[in-house]
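To start, the structure itself, in structure tokens.
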Amino acid sequence: MKILLAGLLAWPVLAYAAATHGTGSCPATSANDYPTAVRADYVFACMNVNGGTQQALRQCSCSIDVIATIMPYKHYEQADTILRMRRLSGGYLAEEFRTAATNGVVRDLHEAQAEAEVRCF
């Protein structure tokens, strides 16, 4: 099962591709600074992309927990904002969110999501 990044990025809060291995269980996160609503939005979007099964629930919950251990919420929120603005804005405004600095923030999120896939899927 693969998570489609483009599908997740279309949701209010984000989420990413490796082959599935294991049960999707992962260690509990110590990063408790992500608001519950943000985690829930991520899990719902991820489950939608991955068939809405009980297994998807476990894997998607694991995924946001892993991301939370890798990225502070503030950094995650910045990446989400950048990706939304790129998607929703056209022309000049969208280009303001395609700089080296913003690309770095988005790359950090993509790397965290890739790590989450390896651990959870």
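Here the structure is a predicted model, which is why all the values come from computation and not from measurement.
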Check your understanding: Taking only residues two or more places apart in sequence, or in another chain, which ones meet R98 in a salt bridge (charged side-chain N to carboxylate O under 4.0 Å, His left out)?
Key ->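 Partners of R98 under the salt bridge (charged side-chain N to carboxylate O under 4.0 Å, His left out) test: E95.
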Find out whether [X] and [Y] are in side-chain contact, i.e. whether some heavy atom of one side chain is under 4.5 Å from a heavy atom of the other.
{"X": "H75", "Y": "D108", "value": "yes"}
{"X": "P35", "Y": "V38", "value": "yes"}
{"X": "V105", "Y": "H110", "value": "no"}

Practice item. Inspect the contact between D65 and R39 and indicate whether a charged nitrogen and a carboxylate oxygen are less than 4.0 angstrom apart. Key: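 Result for this pair is yes, salt bridge flagged.
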Euclidean distance, [Y] [atom2] relative to [X] [atom1], rounded to 0.5 Å:
{"X": "N50", "Y": "L57", "atom1": "CG", "atom2": "CG", "value": "11.5 Å"}
{"X": "L88", "Y": "M85", "atom1": "CG", "atom2": "CE", "value": "7.0 Å"}
{"X": "I67", "Y": "E111", "atom1": "CD1", "atom2": "CD", "value": "12.5 Å"}
{"X": "S63", "Y": "R58", "atom1": "OG", "atom2": "CZ", "value": "14.5 Å"}
{"X": "E77", "Y": "D33", "atom1": "CD", "atom2": "CG", "value": "10.5 Å"}

Check your understanding: Counting distance only, does the side-chain N/O of T102 pair as donor-acceptor with the main-chain N or O of I82 below 3.5 Å?
Key ->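 A pair under 3.5 Å: no.
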Practice item. May I have the step-by-step check of side-chain contact (heavy atoms from CB on, under 4.5 Å) for L83 and L109, ending in yes or no? Key: CA-CA 10 Å; L83 290 169; L109 175 60; 3.9 Å; yes
Check your understanding: Looking only at heavy atoms, what is the nearest atom pair of A116 and V66, with distance?
Key ->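 Nearest pair, atom of A116 first, then V66: CA-CG1, 3.7 Å.
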Review point. What are the two closest non-hydrogen atoms of I70 and A112, and how far apart are they?
Key: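 Minimum heavy-atom separation between I70 and A112: CG2-CB, 3.8 Å.
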Review point. What do you reckon, C120 and C62 SGs under 2.5 Å?
Key: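 Yes, because the SG atoms of C120 and C62 sit under 2.5 Å apart, which meets the disulfide cut-off.
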Exercise for review: Could you tell me how the ring of Y34 sits relative to the ring of Y76: parallel (under 30°), tilted (30 to 60°) or perpendicular (over 60°)?
Suggested key: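 Rings of Y34 and Y76: tilted, 30 to 60°.
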